[in-house]
Number of protein chains: 2
Amino acid sequence: MADLAALAGVSKITISRALRGSEAVHPETRERIKSLAREHGYRLNLSARNLRLQRNAMVAVVVEMQPSVERPMSEPYPLALLGGISQELTSAEYSILLMAMHELSPERLPPVDGVILLGQGEADEATVRIRELGVPVVSWGALRSGHGSLVVGSDNARGGELAAERLLSLGRRRVVYLGNTRFGEIADRCDGLKARLEAGGATLVECLDGGFTFLTGANAIRTLLSAGTHHFDGIFACSDLVAMGAIRALTDAGVDVPGDVAVVGFDDTPMASYFVPALTTIRQDWHHGGLLLARKLLSLVQGEAAQSEIMPVNLIVRSS
Amino acid sequence: MADLAALAGVSKITISRALRGSEAVHPETRERIKSLAREHGYRLNLSARNLRLQRNAMVAVVVEMQPSVERPMSEPYPLALLGGISQELTSAEYSILLMAMHELSPERLPPVDGVILLGQGEADEATVRIRELGVPVVSWGALRSGHGSLVVGSDNARGGELAAERLLSLGRRRVVYLGNTRFGEIADRCDGLKARLEAGGATLVECLDGGFTFLTGANAIRTLLSAGTHHFDGIFACSDLVAMGAIRALTDAGVDVPGDVAVVGFDDTPMASYFVPALTTIRQDWHHGGLLLARKLLSLVQGEAAQSEIMPVNLIVRSS
DNA sequence: ATGAAAGCGCTAACAT
DNA sequence: ATGTTAGCGCTTTCAT
């Protein structure tokens with residue numbers, strides 16, 4: 001910057017002001033300096049600026065799970081949420097620092113002004129660990145798993161109710177839930193499902209603690225069928241992929257879907273509509289979720305108040 | 001740090017050394033300072049350190065496409081590559097700054113020591129734009145699209161050959177390729193396919209310029225079938241999702257897969273093995289690709305030499 | 001409309 | 001084994 005100042009025949013501070021588009025500097029000088037900077041490939045040292053301004057202009061997005069080939073299919077939400085987060089943060093001139101939960105330690109927290117947590121973890125483990133960092137935090141998930149921190153998430157309980165209503169309308173009386181209820185979001189859906197089923201005179205006959213993949217969905221139902229202890233005529237799965245696995249297990253066993261057993265998924269992933277039978281599912285708006293996460297975190301960072309927000313979900317009726 | 005120095009009764013520099021685990025400071029003093037720091041919640045100001053050290057300890061990962069709900073399914077590679085990248089960079093104490101290509105401008109390049117580009121863009125647009133930034137760059141894609149910059153990618157031409165060999169072994173003579181060859185990777189696959197087909201006495205009858213989704217795959221084949229201008233008995237698709245779409249269009253039209261038309265996909269996404277018929281496809285090792293990308297960029301950043309690397313691919317034979 | 005001085009928190013170089 | 005000095009590149013405050 002000093003070099004540029006010498007070149008332009010002005011002082012450093014005028015360069016600084018000009019590049020930030022300050023009104024204080026003469027428009028002509030400003031343009032001259034800007035083009036000079038471009039021409040010489042000058043780039044602002046953001047470490048210096050951040051040191052001076054006592055901020056980082058950066059937000060960490062912490063992904064609870066280890067990214068892998070298997071996960072993006074089973075849980076597309078990280079990238080979808082990131083789209084919304086990125087859009088909002090970029091327009092506020094903040095950058096996104098991406099890291100996996102297990103890489104995070106309080107000592108070497110990277111230089112960020114706040115943290116967005118994607119996934120609160122089994123038994124809220126992630127939420128609890130993040131809170132110790134002493135920076136503003138907003139997490140994606142369930143209110144019950146927020147432990148006092150700000151939460152943005154879908155109305156999972158309502159999702160469960162919608163699934164129950166759909167199954168009830170098809171005359172189903174005995175429903176199986178597939179999902180690990182140690183995750184707050186998953187538990188909320190189960191609660192909503194159970195309450196609405198019982199209000200409609202039906203029963204939640206089983207709540208199976210499985211994983212999030214096609215295979216775990218298929219295996220859960222295979223086990224259930226071979227045990228033969230329960231009769232069931234409906235399934236609500238914690239994700240579309242799990243629902244697809246469940247359907248595969250059913251059709252492999254000669255059980256008709258939706259004739260014998262109706263299935264409702266969650267997420268409305270692109271594949272849901274292409275699967276045979278096309279999946280009835282609950283849709284959540286990840287992109288908007290991302291926007292909200294970013295907006296609320298920025299509020300906190302700037303010392304303003306912000307509140308948790310739960311977004312509506314929709315039932316998408318197809319053929320399962 | 002000055003406060004901590006006062007508390008510990010030593011000078012700032014001793015604090016600095018102790019926290020970095022320097023040998024120069026007495027082990028006892030070192031531990032005392034470390035626990036004092038922990039106790040008082042002291043955190044190093046990384047902007048100051050980076051300013052002083054003239055580095056950023058950060059690498060930008062630039063994703064060529066806008067993340068969305070549709071993309072992670074169609075192209076799972078961003079997250080899979082990120083897994084490998086993250087693993088490698090974290091152990092070198094570098095952070096990952098994530099951004100979308102369209103958010104990148106030379107003026108406001110965030111404070112990074114280098115850039116990893118995921119996806120070189122149609123007609124290598126992304127590669128060309130990134131090169132102007134004047135920082136070390138490594139990109140995921142094809143050598144032909146590197147424009148002099150370092151590239152890590154799968155052996156796409158070999159992938160095309162493997163697909164051709166598979167189709168030839170099934171006695172196929174007239175093959176359709178589904179993919180936008182303005183992307184270097186996609187073009188390489190097409191070239192490998194064509195060469196090997198012709199060497200085996202078969203023909204590439206059509207090369208259809210489509211997108212990367214289930215729907216574009218289905219539409220391409222529907223159009224082809226209704227035009228009726230070409231007879232074909234084999235398809236090689238640029239992704240598993242496109243292959244699935246193509247298969248759907250075929251079976252919807254009463255064409256048997258693989259009896260009438262055999263189909264080979266690309267990527268070996270988790271869904272490939274669950275699709276009916278299970279997809280024959282080419283597998284690439286994204287995680288390892290991510291590791292290599294990160295390693296090579298770090299070499300460049302540290303002023304060492306590094307070379308492009310093309311990774312082997314495998315044919316996974318299933319039922320399509 | 002422009003400038004001079006001071007200092008953000010850290011560490012390398014050079015003492016002691 | 002520890003300390004002193006100086007300066008990384010920027011912007012705020014207070015002149016002019």
Side-chain angles (χ1 to χ4, degrees), chain A residues 1-34 36-38 40-58 93-95 107-113 134-135 301, chain B residues 1-34 36-38 40-58 93-95 107-113 134-135 301-303:
Chain A
M1 193 177 259
D3 299 354
L4 205 58
L7 269 166
V10 295
S11 72
K12 281 195 308 175
I13 186 60
T14 302
I15 303 287
S16 173
R17 290 201 259 248
L19 292 180
R20 274 176 293 154
S22 158
E23 292 292 305
V25 40
H26 196 87
E28 214 168 83
T29 325
R30 206 193 304 158
E31 284 318 308
R32 191 166 54 84
I33 290 176
K34 278 190 177 178
L36 212 56
R38 217 179 340 259
H40 289 260
Y42 169 79
R43 281 214 309 269
L44 205 61
N45 182 322
L46 292 182
S47 288
R49 154 185 274 222
N50 288 339
L51 173 58
R52 178 60 236 238
L53 295 181
Q54 301 282 61
R55 56 154 215 177
N56 302 114
M58 233 179 299
E93 306 220 51
Y94 275 71
S95 299
E107 300 92 57
R108 289 252 165 192
L109 180 72
V112 295
D113 299 313
V135 286
V301 166
Chain B
M1 194 177 259
D3 298 355
L4 206 56
L7 269 165
V10 295
S11 71
K12 281 196 306 176
I13 187 62
T14 302
I15 303 286
S16 174
R17 291 201 258 248
L19 293 180
R20 276 176 290 154
S22 159
E23 291 291 303
V25 39
H26 196 87
E28 215 167 83
T29 325
R30 206 193 302 155
E31 284 318 309
R32 192 165 53 86
I33 290 177
K34 279 189 176 177
L36 212 55
R38 217 180 341 257
H40 289 259
Y42 169 78
R43 279 215 309 270
L44 205 61
N45 181 323
L46 291 181
S47 288
R49 152 185 273 221
N50 289 338
L51 173 59
R52 178 60 235 240
L53 295 182
Q54 301 280 62
R55 57 156 216 176
N56 302 113
M58 233 180 298
E93 306 220 50
Y94 275 71
S95 299
E107 301 92 56
R108 289 250 165 193
L109 179 73
V112 296
D113 300 313
V135 286
V301 166
Q302 284 149 24

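Letters go in sequence order (proteins before strands), and every chain restarts at 1. Keep in mind the model is a prediction, meaning the values are calculated, not measured.
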Which atom pair, heavy atoms only, marks the closest approach of N56(B) to P111(B)? CB-O, 3.1 Å
Could you tell me whether the phosphate oxygens of dG3(D), OP1 or OP2, come under 4.0 Å of any side-chain nitrogen or oxygen in T14(B)? yes
Closest heavy-atom pair and its distance - A18(A), R30(A): O-CG, 3.5 Å
Kindly write out the residues that satisfy side chain to side chain contact (heavy atoms under 4.5 Å, CB included) with A6(B), not counting sequence neighbours, or none if the list is empty. none
Rounded to 10 degrees, the angle between the two terminal axes of the helix from dA1(C)-dT16(D) to dT16(C)-dA1(D), each from five pairs: 30°
Test side chain to side chain donor-acceptor pair (under 3.5 Å) applied to S16(B) - qualifying residues, sequence neighbours left out: R20(B)
How many angstroms lie between atom CG of L51(A) and atom CG of L46(B), to the nearest 0.5 angstrom? 11.0 Å
Heavy-atom pair of closest approach, residues S11(B) and A5(B): C-CB, 3.7 Å
Apply side chain to side chain contact (heavy atoms under 4.5 Å, CB included) to Q302(B) and list each qualifying residue two or more places apart in sequence or on a separate chain. Y94(B), L298(B), E304(B)
Going 5' to 3' along DNA chain C, between which two nucleotides do contacts with chain B fall, using a heavy-atom cut-off of 4.0 Å? dG9(C) to dA12(C)
What residues, two or more places apart in sequence or in another chain, satisfy side chain to side chain contact (heavy atoms under 4.5 Å, CB included) together with R55(B)? R49(B), N50(B), L53(B), A57(B), D113(B)
Between R17(B) and V10(B), is any pair of side-chain heavy atoms under 4.5 Å apart? no
Between Y42(A) and V10(B), the residue closer to the 5' end of DNA chain D by nearest nucleotide is V10(B)
When rounded to the nearest 0.5 Å, the distance separating OG1 of T14(B) from NE2 of H26(B) is 13.0 Å
Base, backbone or nothing for each nucleotide of nucleotides 11-16 of chain D, written B, S, -, heavy atoms under 4.0 angstrom, 5' to 3'? BB----
Using a cut-off of 4.0 Å on non-hydrogen atoms, how would the nucleic acid contact of S47(A) be classed: base, sugar-phosphate, or nothing? nothing
Does Q54(B) have a side-chain nitrogen or oxygen under 4.0 Å from the phosphate oxygens OP1 or OP2 of dG9(D)? yes
